[in-house]
Amino acid sequence: DIQMTQSPSTLSASVGDRVTITCRASQSINIWMAWYQQRPGKAPELLIYKASTLESGVPSRFSGSGSGTEFTLTISSLQPEDFATYYCQQYSSYGAWTFGQGTKVEIK
Amino acid sequence: VRLVQSGPEVKKPGASVKVSCEASSYTFNSYGISWVRQAPGQGLEWMGWISTYNGDTRSEETFQGRITMTTDTATNTAYMELRSLQSDDTAVYYCARASNDLSYKDCFDVWGQGTLVTVSS
């Protein structure tokens, strides 16, 4: 199974900050990486797929990069509604999806 | 496009639970359904996937033998049954839309609202 390691587990930041979350795969997944945002008490929402493609309706302050085993999610200017938990997910393995453990973005 | 799940459940250890996921505003048998769960305060755990086209299934090893996924194309509904429940199965269970074809790599673009399953004696 492909393991996903996300860092940091918690991130404290202020409105307007640039924040970066990293996800590392245990083996190459090419560009088959997705990022999700989950607000408290809500279902996850897709932000980015194929490592860097923004899902329709997602603000342009979100961006993704990487390929192979190293990936990043960047929020260029943190907004109040961005305080949430973010998960990476690999979908390279046929019929075996795995998530990172999550990164909680908190208000500093 | 929506996935609407059934309501919360309370079950005793050893029992089974069946969660439903009704799709609307898209062609149901054009997309597969995955099931993901989230224990209280924990991360997301993929459980299994079903093709709504041909009923093919895949499941995470830890759930094999305990999970059954089915679909009803007449009502555009997917079901996930989990048997032999224990307290550590207490979680929110989500359905999510995925590809119907495993040769096509796909993530989950639409999610249900979640169903809380509580296992307690």
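Order of the sequence lines fixes the chain letters, A, B, ..., with proteins taken first and strands second; residue numbering starts at 1 for each chain. What you see below is based on every heavy atom in this structure, not just the backbone, and it leaves out hydrogens, waters and symmetry mates.
Heavy-atom minimum distance, B:Leu102 versus A:Trp97: CD2-CH2, 3.9 Å.
Contacts from residues 37-64 of chain A to chain B, taken as heavy-atom pairs separated by less than 4.5 Å, involve A:Gln38, A:Lys42, A:Ala43, A:Pro44, A:Leu46, A:Tyr49, A:Glu55 in sequence order. When the heavy atoms of residues 9-23 of chain A are compared with those of chain B, none of the residues falls under 4.5 Å.
Both the backbone and the side chain of B:Phe108 come within contact range of chain A, with heavy atoms under 4.5 Å apart. Using a 4.5 Å cut-off between heavy atoms, B:Asp56 does not touch chain A at all. Contact annotation for B:Thr57: neither backbone nor side-chain heavy atoms come within less than 4.5 Å of a heavy atom of chain A. Interface remark: A:Ser92 contributes backbone and side-chain atoms alike to the contact with chain B (heavy atom separation under 4.5 Å). For chain A, the nearby part of B:Gln38 is the side chain; its heavy atoms alone come within less than 4.5 Å. Contact of B:Val92 with chain A is not made at all, since no heavy-atom distance falls under 4.5 Å.
Taken to the nearest 0.5 Å, the OH atom of A:Tyr36 stands 8.0 Å off from the CG atom of B:Asp109. The distance from the CG atom of B:Leu44 to the OG1 atom of A:Thr98 is 11.5 Å, given to the nearest 0.5 Å. Note that the CD atom of B:Glu45 and the CD atom of A:Gln101 stand 13.5 Å from one another [nearest 0.5 Å]. Atom-to-atom distance recorded for B:Lys105:NZ and A:Trp32:CH2 is 6.5 Å, nearest 0.5 angstrom. With rounding to the nearest 0.5 Å, the separation of OG in B:Ser103 from OH in A:Tyr94 is 7.0 Å.
The choice from B:Gly112, B:Gly43, B:Cys107 that makes the most heavy-atom pairs within less than 4.5 Å of chain A is B:Cys107.
The neighbour count for A:Lys104 NZ, taken as heavy atoms of other residues, nucleotides or ligands under 6.0 Å away, does not exceed 12. Other residues, nucleotides and ligands place no more than 12 heavy atoms under 6.0 Å from the CZ atom of A:Arg24. More than 12 heavy-atom neighbours from other residues, nucleotides or ligands sit within 6.0 angstrom of CD on B:Gln64. Crowding of A:Phe83 atom CZ: a count of heavy atoms from other residues, nucleotides or ligands under 6.0 Å exceeding 12.
Residues A:Asp1 and B:Glu60 meet the side-chain proximity criterion, which asks for heavy atoms closer than 4.5 Å.
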